[in-house]
Amino acid sequence: MADSNNQTELSALRHSLAHIMANATQHLWPRAKFGVGPVVEHGFYYDVDIPGVSLSNEDFERIEAEMKKIIATDEPFERFTMPIAEAIKWATDNDQPYKAELLNDLQRAGTTVAKDLDAGELGLPAGDGSKVSEVSFYRNGDFTDLCRGPHVESTGKVGAFKLMRVSGAYWRGNEKNAQMQRIYGVAFSTPKELRQHLDMLEEAKKRDHRKLGQELDLFLFSDLVGSGLPLFTPRGTVLREELGKFTQELRHKTGFQRVWTPVIAKTDLYKASGHWDKFGDELFLVKSQETSDEFVLRPMNCPHHVQIYASQPRSYRDLPLKFMENAGDYRDEKTGELHGLSRVRSFTQDDSHAFVAENQIKEVATALVHASQEMYEVFDMELKFRLSFRDSGPGYLGDPKLWDKAQAQIEELAKENNLDYYIEEGEAAFYGPKIDFMATDAIGRQWQVATVQLDFVQPERFGLEYTDESGGKQQPVMIHCALLGSLERFLSVYIEHVGGRFPVWLAPEQVRIITVNQEEKTLDFARKLSERADKLGLRVSVDNDNESVGKKIRSSEVWKVPYTIVIGDKEIESNEVTPRIRGDMVVNQDAKTYTTDEFLQTVANESKMRVTKTSF
RNA sequence: GCCGAAGUAGCUCAGUGGUAGAGCAUCGCCAUGGUAAGGCGGGGGUCACGAGUUCAAUCCUCGUCUUCGGCUCCA
């Protein structure tokens, strides 16, 4: 497999660069103490602790220059082994306390314990519980490091790299530990690949939804409202509402009914659901000034929907019973974790809950998978499906037999529908298995966008039941599903996916009418055209500014308006227009002329069809 | 929450221990314009907020808030 060979080579190269970077760092700051230096996606990092020194971006040049010197020597990487006791002595003698700590753990437990740090990446033998007697080292030139390898042959064979940033990172990922400085770099086999990667990052920067959100006047944050609490402008609200309608239409087709529930609930609801214990510190608390009741701003909607299910006796004839709600939720996320629209404290889930009998799981989940496929086809994003199952570990609630049955149904549906799927054991929620939807965006990044989750636990905690055919009581299974996930998070992904160039059905402004001059008859014609468009449900504006046509065209382009039409004497006489079509939508390059009726009707149809290309 | 950096006009940014400037945007006037920037002029700032040092603070110091890059977390 050429691919996996490349992968091995690439990670040897990146790992070797981590050593070279540590080596260079040691040359520049002899007192540097080293943590771990693993390979990561696109590159590598090394965690260092340099007493009294705070690295800045300017230091990169020095480190890079030093690395280049080491690369130029083309010293071989030599592997050798040492008994573990000796290795500990080596670490202590060389004033490398972090390495010593790793080695001590290794000696004691046969593993470096820290679950979140993969032993292999640390360059240590994988911990399998057995005692480790010997560890391997790699040496290049004057630098020696505890390491499992493999490495490239010599320091000259490390491809193309660039140091990217320095940031804080806790020793062994634990915030109670010392904070180290993480120097992060990217590396590829060839300069060309490095270039491509850097270009991708450039492109990602241009598409940053926070930047586009401001430029296209979609949403904003206010210091007075608070951090992580986005406000949506008229333009941004169009996106929210169109997406909200779309996701509900898709589920309406499979029998979901809209419900409405309040955004606050008594703490008792969340104590009953179990969320209070598990996520209490992320709940916003609300107090009544009149009664002693304590409330929380809801962080999720399932317990609310459960109450509707539980409000009356249910029969097997009622199942599956399906509720949906585009619901506002609030979570008190830590301030440092907030990020644009992708991590906020107030968000909207296109949430739905189906209450089903055991043998209906497959049918209901299949319908939801089909809905997701229809949705992401419209978004022009490829979907992969991750079946997240339980592993043999503890901590899963619910009847194991039910788990088995449910997982079997899920896998069956994946096969029957030819889904591009993979199974990941250990990724299930504690309350049930799930299907996670992974979407790939226009520049190749993968995002988890939505999930279908089975839940065996809440029906039990809330004592949900239905009467079966023989009059007995049964417990339903709950299926949670959000197709967009969080509307805000989806928007952050989607804005970047399309780079702010929304298809007609979503575009906040679909048609802009530009006047050539400011004569009354020109403005009059433009206004009448605009009124007709409005009657067809189109979002249209007239630009009658006292500016040159060229400047007004430019403005329409900058705002990424799908259709721009210019109105002058020619159009008024012929009642025809020549739409200027936004570049990404064009199939046929030739500008053509249409009667105003044809034009308006075609745009109105496209808008309803949710297409991405123009039909002109 | 933690480490680091930053906050000057609506936006992007320059600048100074003696209360500020550019480009774009906005507004007005002129040009009657034809598919990515026509010309001229005007308005607009508690220099994030609060305290301190100083004759004097946007600038120096401290605190707060917010943002950014990461860490950690994400039902």
Side-chain angles (χ1 to χ4, degrees), chain A residues 45 47 49 54-57 116 164-184 208 210-211 214-215 217 220-229 270 273-283 298-303 329 331-340 342-345 347 349 351 429-432 434 448 451 453 455 457-458 480 482 485-486 489 512 514-522 545-560 563-571 577-583 591:
Chain A
Y45 68 79
D47 285 347
D49 176 6
S54 173
L55 292 174
S56 67
N57 288 1
D116 34 30
M164 300 297 285
R165 63 178 93 92
V166 61
S167 66
Y170 300 105
W171 168 236
R172 305 181 99 169
N174 184 334
E175 60 183 309
K176 292 191 179 65
N177 286 341
Q179 184 141 20
M180 308 184 71
Q181 302 187 70
R182 175 165 298 176
I183 313 172
Y184 172 78
D208 190 319
R210 292 167 298 182
K211 182 168 166 278
Q214 186 182 64
E215 286 172 5
D217 191 27
L220 55 116
F221 293 90
S222 147
D223 282 6
L224 283 176
V225 173
S227 61
L229 301 168
Y270 285 95
S273 70
H275 293 106
W276 179 265
D277 285 337
K278 220 171 145 72
F279 300 104
D281 59 336
E282 284 189 41
L283 300 177
R298 70 171 167 209
M300 58 187 358
N301 320 296
C302 17
D329 292 328
R331 294 179 190 173
D332 194 3
E333 304 283 357
K334 292 179 185 169
T335 52
E337 287 161 359
L338 301 173
H339 180 91
S342 42
R343 198 67 181 273
V344 287
R345 296 201 287 187
F347 59 99
Q349 285 194 77
D351 210 357
F430 69 91
Y431 50 74
K434 49 182 187 163
Q448 194 199 310
T451 62
Q453 305 189 355
D455 186 345
V457 172
Q458 284 197 59
H480 309 248
S486 136
R489 202 183 117 80
R512 186 177 292 196
I514 289 174
T515 54
V516 155
N517 56 42
Q518 295 199 290
E519 283 174 22
E520 196 48 47
K521 63 169 182 177
T522 314
D545 276 5
N546 191 11
E547 286 293 348
S548 67
V549 174
K551 189 162 179 177
K552 291 196 271 189
I553 293 282
R554 180 182 148 79
S555 163
S556 192
E557 289 282 350
V558 166
W559 283 94
K560 306 186 199 296
Y563 293 110
T564 307
I565 56 178
V566 177
I567 298 300
D569 289 346
K570 213 173 69 188
E571 287 74 18
V577 292
T578 309
R580 182 185 168 101
I581 303 164
R582 202 182 57 205

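Basis for what follows: all heavy atoms, side chains included, without hydrogens, waters or symmetry-related copies. No experiment lies behind these values; they were computed from the predicted model shown.
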Measure from the side chain of Asp569(A), starting at C-beta and using heavy atoms only, and say which of G34(B), G69(B), G1(B) lies closest. G34(B)
Expressed in angstrom and rounded to an integer, what is the separation of Glu547(A) atom CD from A25(B) atom C1'? 11 Å
Pick the nucleotide of RNA chain B nearest each of Met180(A) and Glu557(A); which residue has the one closer to the 5' end? Met180(A)
Base, sugar-phosphate, or nothing for Gly568(A), non-hydrogen atoms under 4.0 angstrom? base
Given G38(B), U66(B), A75(B), the nucleotide with the shortest approach to the side chain of Asp223(A): U66(B)
Would Phe279(A) pass as stacked on A75(B), i.e. its ring centre under 5.5 Å from the base's six-membered ring centre and planes under 30° apart? yes
Checking C73(B), A75(B), G34(B) against the side chain of Glu337(A) (C-beta onward), the nearest is C73(B)
Lys551(A) side chain N/O closer than 4.0 Å to the phosphate oxygens (OP1, OP2) of A25(B)? yes
Determine the Euclidean distance between corresponding P atoms of A36(B) and C27(B); express it in Å to zero decimal places. 23 Å
Starting at NZ of Lys211(A) and ending at P of U12(B), how long is that distance when rounded to a whole Å? 10 Å
So, does Arg554(A) get its side chain near the phosphate of A25(B), meaning an N or O under 4.0 Å from OP1 or OP2? no
note: Ile581(A), atom CD1; U35(B), atom P; distance rounded to Å ~ 16 Å
Expressed as a whole number of angstroms, how long is the span from Leu229(A):CG to C65(B):P? 15 Å
Report yes or no: is there a donor-acceptor pair, N or O only, under 3.5 Å between the side chain of Glu282(A) and the base of A75(B)? yes
Quote, to the nearest angstrom, the C1' distance that separates G18(B) from A37(B). 40 Å
Roughly, in whole Å, what's the span from CZ in Phe221(A) to P in G7(B)? 21 Å
Sugar-phosphate, base or nothing in reach of Asp329(A), heavy atoms under 4.0 Å: nothing
Do His480(A) and Gln458(A) have side-chain heavy atoms sitting under 4.5 Å apart? yes
Taking CD from Glu519(A) and P from U32(B), how many angstroms apart are they, rounded to a whole number? 11 Å
Would you indicate which nucleotide in U66(B), G34(B), G1(B) comes nearest to any side-chain atom of Ser227(A)? U66(B)
Spacing of Ile567(A) atom CD1 and Asn517(A) atom CG [to the nearest 0.5 Å]: 11.0 Å
Which nucleotide sits closest to the side chain of Val549(A): G34(B), G1(B), G38(B)? G34(B)
Take atom C1' in G1(B) and the same atom in A57(B), then report the distance between them in whole Å. 33 Å
Inter-nucleotide C1' distance (C65(B), C13(B)), Å rounded: 23 Å
Span that lies between the P atom of G7(B) and that of U61(B), in whole angstrom: 13 Å
Quick one: are Val566(A) and Arg580(A) in side-chain contact, heavy atoms under 4.5 Å? no
Any base atoms under 4.0 Å from Gln214(A), or only sugar-phosphate, or nothing? Heavy atoms, all strands. sugar-phosphate
Name the nucleic acid region contacted by Lys552(A), choosing base, sugar-phosphate or nothing; use a 4.0 angstrom heavy-atom cut-off, strictly under. nothing
Arg331(A), nearest nucleotide to its side chain (from A75(B), U26(B), G1(B)): A75(B)
Choosing from A75(B), G34(B), G38(B), which nucleotide comes nearest the side chain of Glu571(A)? G34(B)
Applying a 4.0 Å non-hydrogen cut-off, can you work out what Arg343(A) is touching in the nucleic acid: base, sugar-phosphate, or nothing? base
How would you label the contact of Phe430(A) with the nucleic acid (heavy atoms, under 4.0 Å): base, sugar-phosphate, or nothing? nothing
Phosphate contact (G69(B) OP1 or OP2) by His339(A) side-chain N/O below 4.0 Å: yes
Rounded distance in Å between the C1' positions of A14(B) and C59(B): 14 Å
Closest-nucleotide ordering on RNA chain B, the 5'-leading residue of Glu333(A) and Arg580(A): Arg580(A)
